[in-house]
Amino acid sequence: MQIGRLLRHVIAPSWVLGRVFTPPVMKAIDAAVKASEARHRGEIRFAVEAGLDVSELMRGIDSRERAVEVFSRLRVWDTDENTGVLIYVQWVDRRVEIVADRGIARQVPQAEWDRVCRRMESAFREKRFGDGAVDAVRAVGDLLAGPFPARGSNPNELPDRPVLLK
C-alpha cells in the first residue's frame with residue numbers, strides 16, 4: 001500500500017464534496033438523470049465519495065472495486081431488466097468509474113463507459129465539476145438510448161437524486 005494514498009484518504013474530510021457538489025450542481029445532476037431516463041429503459045445512479053476508510057485502503061481496494069461495492073450497496077442491480085448504471089466518483093483518487101448491470105454490459109462495451117469516465121475526469125481537472133457530471137449523465141443516456149429505448153411503460157425504479165457518500 002502507498003503511504004501517500006493512505007494519508008490523502010485519511011485526511012480528506014467528507015465536507016469537501018459540498019464545496020464542489022453544491023445544491024445547484026446536485027439539482028442539475030438530478031435533472032440530467034431524469035431527462036436521460038425519459039429516453040431509455042436504463043436506471044442511472046450517481047455517487048461521489050471523498051475518501052475511503054482505512055480498512056478498505058488496507059485491503060488495497062481501488063476505485064473500480066469500490067465502485068462495484070457501491071453498485072451493490074445502492075442496489076443499482078435491482079431493476080426488472082438488469083439495466084442499472086452507476087457513475088461513481090472517487091474524489092481523493094480523482095477517478096471516475098461506471099459500472100453497468102449485466103443486461104447493459106452485454107450490449108455496451110466497457111470501453112464506451114471508460115471513454116465517458118476519462119472525459120469526466122478531464123472536465124474535473126479543468127474545474128468544470130457540474131458540467132462534467134451532467135455531460136457524463138447525458139453521455140450514459142446516449143449509450144443506453146440505442147439498445148434500450150424507452151417504451152410506453154417506463155417506470156422509474158431507482159432514485160434519480162445523486163448521492164454524496166460519507
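Worth knowing before you read on, the calculation uses all heavy atoms, side chains too, and leaves out hydrogens, waters and symmetry mates. Everything numeric in this text was worked out from a predicted model, so none of it was measured.
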inquiry  = Any non-hydrogen side-chain atom of Glu49 less than 4.5 Å from a side-chain atom of Val89?
reply    = no
inquiry  = In terms of relative ring orientation, are Phe21 and Phe46 parallel, tilted or perpendicular, with 30° and 60° separating the classes?
reply    = tilted
request  = May I ask you to decide if His40's main-chain N or O and Asn154's side chain share a donor-acceptor pair within less than 3.5 Å?
outcome  = yes
message = Using 0.5 Å steps for rounding, measure from the CZ atom of Phe129 to the CG atom of Leu17.
response = 10.5 Å
request  = Output the distance between atom OH (Tyr88) and atom CZ (Arg95), rounded to the nearest 0.5 Å.
outcome  = 11.5 Å
ask   = Can you list every salt bridge (charged side-chain N to carboxylate O under 4.0 Å, His left out) pair that touches residues 13-30, not counting sequence neighbours?
value = Asp30-Lys34
key: Glu112 side chain vs Pro109 backbone, donor-acceptor pair below 3.5 Å   = no
query = Just checking, is any N or O donor in the side chain of Asp53 or His9 under 3.5 Å from an acceptor N or O on the other one?
reply = no
request  = Flag the pair Asp101 / Phe71 as yes when at least one side-chain heavy-atom distance between them is below 4.5 Å, and no otherwise.
outcome  = yes
task = Might you point out which heavy atoms bring Val116 and Ala139 nearest each other, and give the distance in Å?
result = CG2-CB, 3.8 Å
key: Test log, rule side-chain contact (heavy atoms from CB on, under 4.5 Å), inputs Asn156 and Glu37   = CA-CA 8 Å; Asn156 190 10; Glu37 289 181 356; 3.0 Å; yes
task = Keeping the roles fixed (side chain from Arg118, backbone from Val96), state whether a donor-acceptor pair exists under 3.5 Å.
result = yes
remark   = Heavy atoms of Ala47 and Leu86 approach each other most closely as CB-CD1, 4.0 Å
message = Is there a path of hydrophobic side-chain contacts, each under 4.5 Å between heavy atoms, that joins Val48 and Ile61?
response = no
request  = Would you check, one step at a time, whether the test side-chain contact (heavy atoms from CB on, under 4.5 Å) holds for Val20 with Phe124?
outcome  = CA-CA 10 Å; Val20 175; Phe124 283 10; over 6 Å; no
key: Pairs meeting criterion salt bridge (charged side-chain N to carboxylate O under 4.0 Å, His left out) with involvement of residues 71-82, two or more places apart   = Arg41-Glu81, Arg75-Asp78
request  = Determine whether Val68 and Val163 fall in the same hydrophobic cluster, where Ile, Leu, Val, Met, Phe, Trp and Tyr are linked whenever their side-chain heavy atoms lie under 4.5 Å apart.
outcome  = yes
task = Assess whether side-chain contact (heavy atoms from CB on, under 4.5 Å) is satisfied between Gln90 and Leu52, documenting all intermediate values.
result = CA-CA 8 Å; Gln90 205 314 296; Leu52 301 176; 4.0 Å; yes
inquiry  = Just verifying a value: how many Å separate Arg45 CZ and Thr79 OG1, rounded to the nearest 0.5 Å?
reply    = 12.5 Å
query = Is any side-chain N of the basic residue among Glu121 and Arg94 closer than 4.0 Å to the acidic one's carboxylate O?
reply = no
Sole candidate of Val99, Val33, Ile44 that passes side chain to side chain contact (heavy atoms under 4.5 Å, CB included) when paired with Ile87 = Ile44
task = Report yes or no: is the cationic atom of Arg115 (NZ for Lys, CZ for Arg) under 6.0 Å from the centre of the six-membered ring of Trp113, at an angle within 45° of the ring normal?
result = no
request  = Please check if Val54 and Leu165 belong to a single hydrophobic cluster, counting links between Ile, Leu, Val, Met, Phe, Trp and Tyr side chain heavy atoms closer than 4.5 Å.
outcome  = yes
Candidate pair Ser63 and Glu97, rule side-chain hydrogen bond (donor to acceptor under 3.5 Å, both in side chains), full reasoning = CA-CA 7 Å; Ser63 59; Glu97 300 288 344; 3.0 Å; yes
query = How long is the gap from CG on Leu57 to CD on Gln2, to the nearest 0.5 Å?
reply = 10.5 Å
Pair Ile104-Asn82, side-chain contact (heavy atoms from CB on, under 4.5 Å): steps then yes or no = CA-CA 7 Å; Ile104 292 173; Asn82 300 114; over 6 Å; no
message = More than 12 heavy atoms of other residues, nucleotides or ligands under 6.0 Å from CZ of Arg161: yes or no?
response = no
Using atom types as modelled, flag every donor-acceptor pair under 3.5 Å from a side chain in residues 141-148 to any protein atom, sequence neighbours excluded.
| unit_1 | atom_1 | unit_2 | atom_2 | d |
| --- | --- | --- | --- | --- |
| Asp142 | OD1 | Arg39 | NH1 | 3.3 |
| Asp142 | OD1 | Arg39 | NH2 | 2.8 |

key: Val16 reachable from Val92 in the ILVMFWY side-chain graph, under 4.5 Å edges   = no
request  = Answer whether the closest heavy-atom distance between the side chains of Val85 and Ile98 falls below 4.5 Å.
outcome  = yes
ask   = Of the non-hydrogen atoms in Gly132 and Ala123, which two are nearest, and what is the gap between them?
value = CA-CB, 3.6 Å
key: Ser14 versus Ala50, closest heavy-atom pair with distance   = CA-CB, 3.9 Å
Salt bridge flag under 4.0 Å for residues Glu56 and Arg59 = no
key: Minimum side-chain heavy-atom gap Thr22-Val25 below 4.5 Å   = yes
